[in-house]
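Within every chain, numbering begins at 1; the chains are lettered A, B, ... in the order of the sequence lines, protein sequences first and strands thereafter.
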Number of protein chains: 4
Amino acid sequence: MAGSTYGNIFKITTWGESHGKALGVVIDGCPAGLKLQEADIQRYLDRRKPGTSTVTTSRKEADAVEILSGVFEGRTTGTPISMMVRNTSQISRDYSEIASYYRPGHADYTFDEKYGFRDYRGGGRSSGRETIGRVAAGAVACRILEQLGVTVCAYTRSIGPVEVDMEKFDREAVLRTATAMPDEEADRRAVEYMEETRHATDSSGGCMECRVEGLPAGIGDPVFEKLDANLAKAVMSIGAVKAVEIGDGCLVSKRRGSENNDAFRMENGKVRKATNHAGGILGGISDGDMLVVRAYVKPTASIFLTQHTVNQSGEEIDINIKGRHDPVIVPRAVVVMECMTALTVLDAMLLNMSARMESIVKFYRPE
Amino acid sequence: MAGSTYGNIFKITTWGESHGKALGVVIDGCPAGLKLQEADIQRYLDRRKPGTSTVTTSRKEADAVEILSGVFEGRTTGTPISMMVRNTSQISRDYSEIASYYRPGHADYTFDEKYGFRDYRGGGRSSGRETIGRVAAGAVACRILEQLGVTVCAYTRSIGPVEVDMEKFDREAVLRTATAMPDEEADRRAVEYMEETRHATDSSGGCMECRVEGLPAGIGDPVFEKLDANLAKAVMSIGAVKAVEIGDGCLVSKRRGSENNDAFRMENGKVRKATNHAGGILGGISDGDMLVVRAYVKPTASIFLTQHTVNQSGEEIDINIKGRHDPVIVPRAVVVMECMTALTVLDAMLLNMSARMESIVKFYRPE
Amino acid sequence: MAGSTYGNIFKITTWGESHGKALGVVIDGCPAGLKLQEADIQRYLDRRKPGTSTVTTSRKEADAVEILSGVFEGRTTGTPISMMVRNTSQISRDYSEIASYYRPGHADYTFDEKYGFRDYRGGGRSSGRETIGRVAAGAVACRILEQLGVTVCAYTRSIGPVEVDMEKFDREAVLRTATAMPDEEADRRAVEYMEETRHATDSSGGCMECRVEGLPAGIGDPVFEKLDANLAKAVMSIGAVKAVEIGDGCLVSKRRGSENNDAFRMENGKVRKATNHAGGILGGISDGDMLVVRAYVKPTASIFLTQHTVNQSGEEIDINIKGRHDPVIVPRAVVVMECMTALTVLDAMLLNMSARMESIVKFYRPE
Amino acid sequence: MAGSTYGNIFKITTWGESHGKALGVVIDGCPAGLKLQEADIQRYLDRRKPGTSTVTTSRKEADAVEILSGVFEGRTTGTPISMMVRNTSQISRDYSEIASYYRPGHADYTFDEKYGFRDYRGGGRSSGRETIGRVAAGAVACRILEQLGVTVCAYTRSIGPVEVDMEKFDREAVLRTATAMPDEEADRRAVEYMEETRHATDSSGGCMECRVEGLPAGIGDPVFEKLDANLAKAVMSIGAVKAVEIGDGCLVSKRRGSENNDAFRMENGKVRKATNHAGGILGGISDGDMLVVRAYVKPTASIFLTQHTVNQSGEEIDINIKGRHDPVIVPRAVVVMECMTALTVLDAMLLNMSARMESIVKFYRPE
């Protein structure tokens with residue numbers, strides 16, 4: 001099984017376990033000539049670090065990235081970019097007990113069934129730390145997209161019952177609030193809710209959303225490689241996501257066609273849609289409008305309440321999970337969603353360069 | 001762009017346009033020795049044919065499949081299985097007008113942006129007829145899964161406001177009812193609703209669900225190739241699907257961990273879950289429980305009400321779409337969802353055979 | 001196993017057995033807007049047809065191609081191009097005997113070992129007729145390359161002991177001579193040799209060569225996807241090829257570096273090589289010079305002399321193969337080599353469009 | 001362009017430049033449960049290290065491997081195995097001059113044409129050090145093959161005019177002789193020849209061969225993924241290889257069918273071939289006999305004689321390359337060929353597990 005590679009042209013391969021020596025990623029297919037330094041990556045990795053706020057775990061994770069190859073004199077060379085984060089603060093004894101039983105909501109049991117045994121320390125490959133490689137690669141994708149005029153922005157849409165008021169959407173707030181919400185008032189209420197959840201030694205689910213702006217029309221494919229199909233896979237591959245919506249998502253199932261169709265109109269000499277129920281994709285191909293993707297995240301499986309489960313000897317037992325865990329993972333997962341979206345959109349754009357005969361002729365015979 | 005291929009080991013490539021000469025699929029990687037004849041495929045194709053009921057289009061589509069290769073003396077040979085359906089009843093004049101403008105909710109505009117022009121007859125490659133290849137291949141996948149003890153069953157969950165009562169779930173009803181609902185009473189109300197919709201020259205959305213039973217634990221991958229990620233892609237790649245849920249889906253975002261975690265317990269000497277909020281997948285890998293996937297489908301874009309749009313000369317115009325169209329596509333899309341799910345699950349099972357060293361040694365050195 | 005697909009961006013999937021209903025290919029990823037009609041394909045297919053000359057089989061194969069999808073109003077649409085050739089003249093009774101034993105030099109035994117049984121009629125999927133799909137797809141690739149200023153030309157280099165005199169190289173002769181040799185005098189001698197071989201009820205091997213001209217420098221990849229590595233695979237995947245050379249090939253092993261290095265020099269303001277021992281590829285990437293690839297082909301395995309072998313019951317027997325077979329396959333395989341080379345070079349060119357950041361920016365932000 | 005990944009099920013991605021911080025590989029798809037430690041890898045890496053003999057460079061390369069992930073408690077976990085070798089002894093000043101011009105026989109010019117610039121230190125990604133990742137991954141593949149009863153052994157067949165006498169084949173000698181020849185007498189003559197070559201400040205080509213024993217019949221595919229086609233690619237992707245032969249290779253082109261066909265016979269109740277001109281592959285699929293692959297390697301491009309070339313300003317100049325270089329690379333490339341062969345054969349074996357319906361049913365329903 002070779003499931004740690006993502007993408008076609010801009011292809012990434014991630015590796016590493018929660019409590020192994022290191023985690024990392026190799027990007028193969030990054031175009032040559034992009035200015036890149038470790039600080040560009042670190043900025044994204046820092047967004048998935050646990051903070052000091054009450055909504056994230058109190059674990060310390062330095063997660064300093066090292067670029068090992070593929071960059072020369074400050075620019076990418078076109079050859080693989082290998083990036084690594086050494087594990088420094090993991091304390092293996094925290095996890096020794098869980099080796100023997102299956103934590104509810106975790107992949108302990110399914111790993112054992114698939115591979116015959118598992119690296120039980122901190123979830124091994126199924127840990128949230130697996131996303132370090134995704135974020136490091138996504139940071140590079142975002143940098144390229146920027147130069148193509150495309151911006152990707154993910155944020156928290158809701159935590160438990162607390163929803164963002166989209167009328168108050170404030171992009172700057174995403175990086176500033178503890179919850180990554182684009183609405184400071186909702187952030188305050190969500191923080192309160194999380195404190196209450198933490199007191200109850202329980203956890204909470206939530207919802208995150210991602211917008212892509214500046215994407216030209218014509219990106220994506222009409223059949224299996226629909227842009228929305230690839231976004232669905234990209235986002236659903238983030239641990240704990242249980243649903244993905246494009247545009248108005250589930251709501252469309254209750255609608256009439258006359259309500260749901262987005263009329264076309266002209267705007268400054270360009271074809272535009274009057275509304276965007278479609279979320280920027282028609283028939284699997286971008287329509288020039290804003291992409292809107294939403295992901296629904298389950299509550300953190302590690303809770304401190306007593307739970308019923310089974311151990312490897314096949315005995316039913318009651319367990320109490322210890323350690324330090326996020327009461328909700330959405331605030332830290334937002335940057336992962338941003339990165340998976342960026343990787344997907346960039347790859348589709350690179351693939352799209354050979355869609356038309358005329359573009360190819362122009363590329364190879366420019367005169 | 002090469003987006004018409006799906007799968008890794010059991011790999012399919014579909015081809016064909018709504019009004020071209022034919023549509024079809026090539027399956028590469030089908031194991032040798034499977035008993036297969038055209039009738040096995042035709043049975044599935046017939047489920048996506050428009051019927052005589054009021055909930056589907058009145059178009060006639062014979063869609064008789066021909067197996068062109070890969071089957072010898074009634075069994076698959078391990079080489080590519082090519083299957084084809086000739087287009088017979090398409091009347092091109094029905095579609096001549098739409099060449100000049102962009103139908104709202106359709107891929108006309110995005111195709112033009114991507115490829116520079118399009119086959120405008122009946123939606124070309126973006127037509128629902130594109131799914132003929134998926135269904136023919138999916139029928140083979142289902143046949144294989146059957147022999148592995150795995151059954152896949154999709155059905156209509158809701159049409160507009162009419163929802164199935166899952167307490168009354170009747171699997172036999174799916175093939176019998178006009179709406180592919182597993183609840184005859186809901187079917188009746190849905191048919192009424194569709195007649196009303198048709199009278200209003202409008203269309204309706206809906207929801208479909210798919211269950212996989214008998215799937216062993218341990219299938220799927222922990223990172224990008226999570227079983228749920230691949231199911232999300234498979235299902236979102238069906239035209240008109242705007243949201244995908246696994247297990248309890250969107251609902252988990254409002255839950256506490258203590259509500260959402262499925263406790264493990266022993267049942268006849270096997271590890272089982274007490275509940276199935278997870279929908280049969282933990283950490284991207286099947287847990288031995290029933291898989292549950294849901295897809296939300298937008299209302300048919302082709303409605304007969306006057307709509308505002310733009311033509312290729314960049315003028316805003318009002319249009320009235322003619323022709324014969326399904327007022328809701330869910331009843332005919334159900335078999336497509338079943339097939340895409342089967343293809344995804346089968347491919348994951350075949351990939352899984354080399355997950356453990358001991359299985360490989362046993363395969364090659366059985367003594 | 002899914003081994004009937006070739007290429008990354010310009011991806012082809014072939015299907016069909018010697019004596020099945022039909023053979024064909026699906027091209028997925030052909031750029032939109034290419035002018036294409038059946039006659040463009042037929043011209044290439046006709047080059048692999050057995051002729052009336054003494055050097056090929058006397059079998060009749062009409063092999064008329066039908067384009068089933070992907071072309072609209074005379075141009076490719078960007079969607080899959082499905083092409084099919086119906087089998088018309090196969091006579092199954094010719095092959096009934098070979099069902100029971102393993103022909104030396106053929107794939108009968110290895111197919112049985114892999115798949116458990118085989119379509120024994122005319123070699124099934126292992127027949128030379130399998131190349132129909134390759135040639136149909138290659139014809140399209142050649143047409144695209146032409147518009148990019150790249151020409152691909154394969155020809156017979158030797159048959160048995162008869163070698164072409166490269167001083168007399170005459171490209172026009174390739175399509176004119178019975179042997180596809182670019183030298184009419186060698187052709188005469190080769191025809192004589194083949195008649196003698198046929199009289200001896202034996203067969204002969206040979207060598208074919210392919211040149212690519214007009215290929216810009218910079219195409220190919222430095223590690224696993226070296227242009228020469230992909231050419232080696234492409235050419236070795238043609239049945240009966242047992243060796244592949246690039247440029248001076250085997251000869252380099254006896255040379256000194258001072259003899260083998262090609263000095264660079266300036267020519268009309270361009271960097272060129274003074275010699276071309278390298279065959280147009282340095283470090284896996286094209287250097288702007290002519291590509292030179294050579295393939296060594298074994299003698300036709302089907303000979304009419306008595307041979308010793310084994311039947312499916314495990315008994316040693318003597319056999320006499322009947323039927324109509326080419327005494328040497330090189331003349332008909334030349335067009336297959338041309339097509340496999342074209343497919344490989346085109347795919348590398350399409351992949352290359354995203355090698356540099358500046359090209360991507362120019363593509364998406366041309367102003 | 002994403003050309004640093006190789007394999008389908010057992011998939012490797014290499015990274016790193018000659019003078020970067022490190023080089024390495026990620027193996028994705030290694031089966032779980034294989035005993036593995038760094039010493040298993042180091043043993044293979046040591047075989048490609050420059051020695052103290054006169055036939056290799058006098059550069060020191062420690063090349064100590066570190067396993068960073070995918071191994072837990074001494075066994076592989078099924079998740080990606082990341083391995084890294086830090087660069088320690090590179091002296092960048094040795095290479096500063098070559099930044100400005102194109103060395104004949106090297107990839108300097110083609111890299112510049114492809115990517116716009118290059119990491120000029122020691123050949124960057126085109127250095128022989130790129131093979132460190134291949135060898136580390138190949139070591140793991142060899143270990144798995146061993147447990148399946150398959151052994152892979154590569155050796156030097158000739159250096160310049162000095163050929164091994166295959167009558168004297170001594171497998172143990174391969175690891176003992178300075179030239180990796182399986183014949184100590186030939187080794188002595190080859191060492192003499194190399195000393196002479198070194199005195200002449202020139203270099204030499206050579207030939208290497210690889211044998212695979214114990215491979216069951218039925219491995220490989222009949223069309224594009226023929227086992228010989230994949231071996232050709234694997235071996236041609238090693239820098240400096242210009243020709244690949246399977247079995248009797250080029251020789252078959254001069255033969256008659258009656259000479260070249262290998263008769264089948266029975267041996268201890270098994271079907272075997274009386275001769276092995278085919279090199280163990282019929283129709284792209286292994287026939288149970290020994291695989292034989294040969295690779296012809298060009299003389300080291302870096303020679304100390306004055307050479308004519310061009311610089312980046314487009315001026316013709318004479319250059320004298322400095323530094324420490326192997327006078328022939330074959331002795332150090334032998335282990336790379338062994339590893340590429342092992343990776344190819346293993347991947348084909350893993351893919352083969354789903355070739356037959358009966359095997360799949362037996363795997364999932366063993367009772």
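With salt bridges taken as basic N to acidic carboxylate O contacts below 4.0 Å, none links Arg125(B) and Asp119(B). Using a 4.0 Å cut-off between charged nitrogen and carboxylate oxygen, Lys11(A) and Asp347(A) do not count as a salt-bridge pair. In this structure, Glu163(B) pairs ionically with Lys254(A), as a charged nitrogen and a carboxylate oxygen lie closer than 4.0 Å. For Glu196(A) and Arg256(B), the salt-bridge test passes: some basic side-chain N is under 4.0 Å from an acidic carboxylate O.
Interface check for chain B: of the options Val241(A), Val310(A), Thr201(A), the most heavy-atom pairs under 4.5 Å are formed by Val310(A). No other option in Pro161(A), Gly205(A), Ala229(A), Gly283(A) has as many heavy-atom pairs under 4.5 Å with chain B as Ala229(A). Note: Gly160(A) leads Gly288(A), Gly160(A), Ser204(A), Ala295(A) in heavy-atom pairs under 4.5 Å with chain B. No other option in Ala107(A), Ala240(A), Gly206(A) has as many heavy-atom pairs under 4.5 Å with chain B as Gly206(A).
Counting only heavy atoms from C-beta outward, the side chains of Lys114(B) and Asp221(A) approach each other to under 4.5 Å.
With rounding to the nearest 0.5 Å, the separation of NE2 in His277(A) from CG in Leu251(A) is 10.0 Å. The distance from atom CE of Met236(B) to atom CD1 of Ile246(A), rounded to the nearest 0.5 Å, is 4.5 Å. A distance of 9.5 Å separates CG of Leu351(B) from CD1 of Ile219(B), quoted to the nearest 0.5 Å. Once rounded to the nearest 0.5 Å, the distance linking NZ of Lys273(B) with OH of Tyr102(A) reads 14.5 Å.
Of the atoms belonging to Arg294(A), not a single heavy atom falls under 4.5 Å from chain B. For Asp262(A), the part lying under 4.5 angstrom from a heavy atom of chain B is the backbone only. Of the atoms belonging to Ser359(A), not a single heavy atom falls under 4.5 Å from chain B. Only the backbone of Ser286(A) comes within less than 4.5 Å of a heavy atom in chain B; its side chain stays farther off. For Met340(A), the part lying near chain B is the side chain, with the backbone staying farther off; criterion is any non-hydrogen pair under 4.5 Å. Looking at Lys226(A), the atoms closer than 4.5 Å to chain B (heavy atoms on both sides) all sit in the side chain, from C-beta outward. Only the backbone of Asp112(A) comes within contact range of chain B, judged by heavy atoms closer than 4.5 Å. With a 4.5 Å cut-off on non-hydrogen atoms, Ala200(A) touches chain B through its side chain but not through its backbone.
Sorted by first and then second residue, the ring-ring contact (aromatic ring centres under 6.0 Å, His included) pairs involving residues 219-270 of chain A (not counting sequence neighbours) are Phe224(A)-Tyr6(B), Phe264(A)-Tyr109(B).
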>> Quick one, Glu17(B) with Arg129(B), criterion salt bridge (charged side-chain N to carboxylate O under 4.0 Å, His left out). Give me CA distance, side-chain angles, the key distance, then yes/no.
In response: CA-CA 7 Å; Glu17(B) 287 85 32; Arg129(B) 287 186 67 70; over 6 Å; no
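Residue-level contacts of residues 297-305 of chain B with chain A, in order of numbering, are Val297(B), Lys298(B), Pro299(B), Thr300(B), Ala301(B), Ile303(B), Leu305(B); threshold 4.5 Å between heavy atoms.
Closest approach of Ala263(A) and His308(B) over heavy atoms only: CB-O, 3.4 Å.
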